[in-house]
Amino acid sequence: MHHFHLCDGVLHAEDVPLDRIAEAVGTPVYVYSTATLVRHARVFRAALAGLDDPLIAYAVKANPNAAVLRTLARERLGADAVSWGEVARALHAGVPAERIVLSGVGKTGDEMAAALRAGILQFNIESEQEAHTLSAVAAALDLTAAVAVRVNPDVDAGTHAKISTGKSENKFGIPYARAAAAYALCASLSGLEPVGIAVHIGSQLTDLAPLERAFERIGQLIAELRAAGHPVHRADLGGGLGVPYDADQPAPPTPEAYGAMVARVTEGWDVRLIFEPGRALVGNAGVLLTRVIRVKAGAEHPFVVVDAGMNDLIRPTLYDAWHDFRAVAPRGERFTANVVGPVCETGDTFATARPMDRVGEGDLLAFMTAGAYAATMASTYNSRPLTPEAIVSGDRWAVTRERQPIEALIAMDRLPPWLSEENK
Ligand SMILES: *Cc1c(COP(=O)(O)O)cnc(C)c1O
């Protein structure tokens with residue numbers, strides 16, 4: 001459920017007509033809905049209501065915008081970070097350190113030290129080598145790092161290969177067969193306190209069965225560790241729940257179904273559960289507004305050339321992702337078209353032979369479900385400044401990231417002395 005809807009013939013975000021934002025800020029621009037963010041946070045929490053004090057640590061990478069983070073922090077969500085930058089953003093947005101988890105296969109010693117000093121809740125470690133580094137860093141600071149061992153359960157999440165993280169050939173986590181030994185290693189190293197197990201098998205999951213298989217393996221491991229005399233206080237079950245992008249595809253499992261499965265599988269574990277939802281919270285809380293530059297005749301279907309490019313929204317290029325595409329002021333007519341951006345890459349194609357609202361030059365369009373893994377992946381390819389972002393709450397709206405002026409982009413480069421004006 002989201003709060004983007006037609007009202008008097010114009011697509012609105014909550015009570016704000018999207019053309020008003022496009023006129024004021026220009027296009028392309030991302031627009032987020034506060035009511036949708038809050039709703040998703042509450043639905044997710046309600047779905048886990050049967051559990052004892054779970055921590056919902058929002059996966060910051062899905063959308064690290066400060067207004068989005070602050071909105072979710074006010075819903076008492078924690079944060080799952082995969083870099084010191086994301087920890088810093090979460091802290092800045094008001095997420096308390098004791099609700100922050102740091103994951104990732106490539107944490108550097110400097111990142112570990114900064115996160116330790118900040119007092120984060122837990123490090124999810126992904127290799128034995130990382131345990132040694134973290135131990136050295138913690139010992140040098142005279143601090144103790146609470147550690148969860150991230151297990152690679154070798155489960156096929158059944159999602160796109162590029163967002164699959166729980167198969168043995170993926171880089172993430174420690175193989176199940178080595179996990180107990182890795183836990184014992186952490187217990188033996190100074191500066192580390194093993195507190196639990198973590199798992200995350202992939203993103204945009206549309207079936208609960210692989211998650212359930214992964215969680216069952218975690219349950220076995222917890223029992224095995226306890227039998228060997230290790231305390232286990234927490235289990236971090238990761239994120240991954242999918243969102244509906246295409247209404248013609250089967251709907252992904254609901255948070256309620258997910259929560260019920262978790263409650264059943266984790267019964268008797270006697271741990272604090274941690275969840276790391278990203279996409280499920282923010283995916284359909286955002287749209288990317290774009291304007292049609294022109295409609296160009298094509299061999300079979302016309303090309304709708306929009307002013308958003310793959311540098312603004314790379315998901316279709318990167319993951320073969322499907323985004324619904326709606327006219328902001330639909331005329332009630334449909335046509336079949338290719339939707340492309342202005343970037344000089346054939347991959348800059350959002351849709352091919354897509355039945356959609358008929359649009360013409362100057363019309364506004366919205367890419368739906370553009371709240372997750374969208375603005376955050378934007379680049380400046382083709383010297384296109386980073387996309388601005390706005391957020392709506394009821395009948396109010398505000399810019400939450402300014403459009404970057406091209407001068408600012410150019411000014412980031414420095415000429416070496418032998419090329420600068422003085423030495424021309
Ligand atoms: C990306 C990621 C998540 C969030 O995944 P979603 O599919 O957006 O829910 C959670 N945990 C870890 C470790 C991740 O890397």
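Read the numbers this way: they start at 1 and go in the same order the structure lists the ligands and their atoms. Computed from heavy atoms alone, side chains included, the values below leave out hydrogens, waters and symmetry copies.
The atoms of ligand 1 that sit less than 4.0 Å from any heavy atom of G239 are 9 (O), 10 (C). Ligand 1 places these atoms under 4.0 Å from at least one heavy atom of R150: 13 (C). Interface atoms of ligand 1 facing R279, defined by a heavy-atom separation under 4.0 Å, are 6 (P), 8 (O), 9 (O). Ligand-side atoms of ligand 1 in range of P277: 9 (O), range being under 4.0 angstrom from any heavy atom.
The shortest N/O to N/O separation between G240 and ligand 1 falls below 3.5 Å. In terms of N/O distances under 3.5 Å, ligand 1 is approached by G278.
Protein heavy atom nearest atom 13 (C) of ligand 1, with residue, atom name and distance: E276 OE1, 3.4 Å. Scanning all protein heavy atoms for the shortest distance to atom 8 (O) of ligand 1 gives Y373 OH, 2.5 Å. With respect to atom 7 (O) of ligand 1, the closest heavy atom belonging to the protein is S203 OG, 2.3 Å. In this structure, atom 1 (C) of ligand 1 lies nearest to the protein heavy atom K61 NZ, 1.2 Å.
Between R326 and D324, at least one side-chain nitrogen of the basic residue sits less than 4.0 Å from a carboxylate oxygen of the acidic one, meeting the salt-bridge criterion. Using a 4.0 Å cut-off between charged nitrogen and carboxylate oxygen, E86 and K61 do not count as a salt-bridge pair. Here R217 does not pair with E224 in a salt bridge; the nearest charged N to carboxylate O distance is not below 4.0 Å. Taking the charged nitrogens against the carboxylate oxygens, R178 and E128 do have a contact shorter than 4.0 Å, which makes a salt bridge.
Aromatic pair F350/F325: centroids not less than 6.0 angstrom apart.
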### Task
Starting from the C-alpha separation in whole Å, work towards a yes-or-no answer on side chain to side chain donor-acceptor pair (under 3.5 Å) for T352 and N338.
CA-CA 4 Å; T352 304; N338 308 309; 4.7 Å; no
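No heavy atom of A280 sits closer than 4.0 Å to any atom of ligand 1.
Residue R334 places its CZ atom among more than 12 non-hydrogen atoms of other residues, nucleotides or ligands, all under 6.0 Å distant. Applying the 6.0 Å contact sphere to CG of D53 captures more than 12 heavy atoms from other residues, nucleotides or ligands.
When non-hydrogen atoms are compared, ligand 1 lies under 4.0 Å from the side chain of D80 (C-beta onward) but not from its backbone.
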